[in-house]
Protein chains: 2
Amino acid sequence: MSIETLVRRPVAPARRKLLDAALSVIRTKGYAATTIDELCAKAGVAKGSFFYHFKDKEAVAIAAAVYWSEVTGALFAAAPYHRHADPLDRVLGYIDFRKGILTGDVPEFTCLVGTMVQEVYETYPEIRDACDASISGHAAKVETDIAEAMNFHRIRADWTAQSLALHTQAVLQGAFILAKAKGGAEIAAASIDHLRRYIEFLFQPATPKGKEAS
Amino acid sequence: MSIETLVRRPVAPARRKLLDAALSVIRTKGYAATTIDELCAKAGVAKGSFFYHFKDKEAVAIAAAVYWSEVTGALFAAAPYHRHADPLDRVLGYIDFRKGILTGDVPEFTCLVGTMVQEVYETYPEIRDACDASISGHAAKVETDIAEAMNFHRIRADWTAQSLALHTQAVLQGAFILAKAKGGAEIAAASIDHLRRYIEFLFQPATPKGKEAS
DNA sequence: GACTCAATACTGACTAGTCGGTATAAATCG
DNA sequence: CGATTTATACCGACTAGTCAGTATTGAGTC
């Protein structure tokens with residue numbers, strides 16, 4: 001996806017350091033409050049390097065959203081829940097995995113693009129689109145497993161795999177907001193528990209009346 | 001709650017106009033990107049008036065969070081769903097009401113304090129606390145109806161009324177983030193539909209196996 | 001293997017402008 | 001009368017962005 005993986009040339013170290021700094025700083029204080037000087041200081045890089053790699057502040061936000069998708073994409077791709085044969089187990093495993101990574105301080109487990117899009121959705125359409133692409137791209141992966149689970153368990157429903165996938169993201173994003181407001185992950189974990197219970201209900205094997213065994 | 005309701009003195013008009021401006025501008029572009037000059041311009045008020053009523057920018061954010069609680073508190077207090085005798089109907093009516101007010105542009109139906117807390121949770125503890133108080137205070141009202149519904153319908157559960165009330169807020173806040181990312185309310189409405197379905201499930205009269213009638 | 005050469009990567013001082021906050025003196029209102 | 005509001009000018013700190021120049025690298029060339 002990135003230009004570096006196509007062209008055989010190592011990533012410019014300053015660029016990567018700036019992107020790492022952007023993830024950290026923007027997650028902690030948001031986009032508007034983040035200064036380029038702070039990014040450079042955190043990255044240990046001169047200010048000129050910033051403008052060599054990014055044409056302006058908006059550009060680093062967009063690049064950070066793309067980078068975020070790469071980093072988290074790799075994290076989820078390597079997660080163990082993909083091993084389950086039953087796609088429903090993969091979905092539930094995903095939920096459990098999301099709950100499991102609620103560790104450390106709040107800025108460490110919350111979502112960069114969810115944070116950014118809140119402040120920029122009206123003022124920086126390109127950043128908003130980059131955030132949307134990140135969220136929707138991730139949701140699409142979850143949607144795949146949900147759709148397979150619906151097939152596998154012969155679910156006929158008045159909801160779609162897509163809407164449920166997006167709902168899982170809504171719960172997670174909302175859980176992060178509560179965690180930020182309350183200063184801890186416990187509340188977020190409780191909300192994820194509710195989400196898991198809901199999904200288990202949706203895929204319950206039989207309707208209460210009429211025993212339709214497999 | 002506000003000082004004006006206790007002391008019998010009319011609200012200073014400039015103060016109220018500034019608070020209204022704060023709700024609108026901060027909801028649209030966030031706290032950090034909001035400038036005092038813009039608030040004054042939008043309020044049609046001189047800059048001196050701002051610093052007459054608020055000691056600094058942080059103070060207006062805190063006051064705006066309190067004002068937000070008052071405004072939304074009045075909105076929900078006047079909503080029709082309180083009339084239902086069955087507390088579960090009040091809970092579901094609340095959900096429907098939340099879905100119903102997803103009209104107009106995104107900044108008009110999204111949440112001030114949810115937006116603010118995302119950017120300030122680490123950098124402005126007092127604003128964070130004001131946002132938390134607003135969210136938690138609202139959730140507590142929902143919790144009351146949930147608790148009564150649990151009693152009324154004799155629900156024995158491994159979840160608490162409080163955690164479910166906070167979960168509803170998480171879903172709503174997360175739905176707002178999706179709406180901001182995608183630029184429309186539809187996605188938020190779909191997520192609220194999932195929330196409603198979940199609550200209906202939790203209060204389902206009987207468990208599938210073993211007919212325990214009332 | 002030293003020697004260009006050019007492209008890439010990086011530097012840090014500098015500028016122009018913004019923004020939070022102050023100051024003040026006069027006007028208006030209740 | 002005191003509380004509120006206005007209008008405007010101002011300041012200092014900060015911040016996005018510029019620029020002219022330096023360092024590094026890698027591919028050819030002899």
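So you know, we letter chains A, B, ... as the sequences are listed, proteins then strands, and number each from 1.
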Requested in this report: Let me know the distance between CZ of Phe51(A) and P of dG17(D), rounded to the nearest Å.
Outcome: 5 Å
Query raised in the report: Pick the nucleotide of DNA chain D nearest each of Thr34(A) and Ala14(B); which residue has the one closer to the 5' end?
Result: Ala14(B)
Query raised in the report: Once you round it to whole Å, what is the distance between C1' of dT18(C) and CD1 of Ile36(B)?
Result: 13 Å
Query raised in the report: Using a cut-off of 4.0 Å on non-hydrogen atoms, how would the nucleic acid contact of Ser49(B) be classed: base, sugar-phosphate, or nothing?
Result: base
Query raised in the report: Hey, is OH on Tyr67(A) packed in by over 12 heavy atoms from elsewhere, all under 6.0 Å?
Result: yes
Query raised in the report: Which part of the nucleic acid does Gly44(B) contact within heavy-atom distance under 4.0 Å: base, sugar-phosphate only, or nothing?
Result: sugar-phosphate
Query raised in the report: Once you round it to whole Å, what is the distance between P of dT8(C) and OH of Tyr52(A)?
Result: 6 Å
Query raised in the report: Rounded to the Å, how far apart are Leu18(A) CG and dA9(C) C1'?
Result: 12 Å
Report summary line: Pro107(B) and Thr28(B) have their tightest heavy-atom pair at CB-OG1, 3.7 Å
Query raised in the report: Who passes side chain to side chain contact (heavy atoms under 4.5 Å, CB included) against Ala189(B), sequence neighbours left out?
Result: Lys99(B), Leu102(B)
Query raised in the report: Taking CZ from Arg15(B) and P from dT6(D), how many angstroms apart are they, rounded to a whole number?
Result: 15 Å
Requested in this report: Mark yes or no for a side-chain to base donor-acceptor pair under 3.5 Å between Lys47(A) and dG17(D), with no hydrogen or angle criteria applied.
Outcome: yes
Report task. Could you state the atom-to-atom distance from NE2 of His53(A) to P of dG17(D) in whole Å? Result -> 17 Å
Requested in this report: Specify the residue among Val45(B) and Lys57(A) whose closest nucleotide of DNA chain D lies further upstream toward the 5′ end.
Outcome: Val45(B)
Query - Tyr31(A) OH - dA16(D) P separation (whole Å) - result: 9 Å
Requested in this report: Report yes or no: is the cationic atom of Lys57(A) (NZ for Lys, CZ for Arg) closer than 6.0 Å to the six-membered ring centre of Tyr31(A), at no more than 45° off its axis?
Outcome: yes
Report task. Using whole Å, report how far NZ of Lys55(B) lies from C1' of dT22(C). Result -> 15 Å
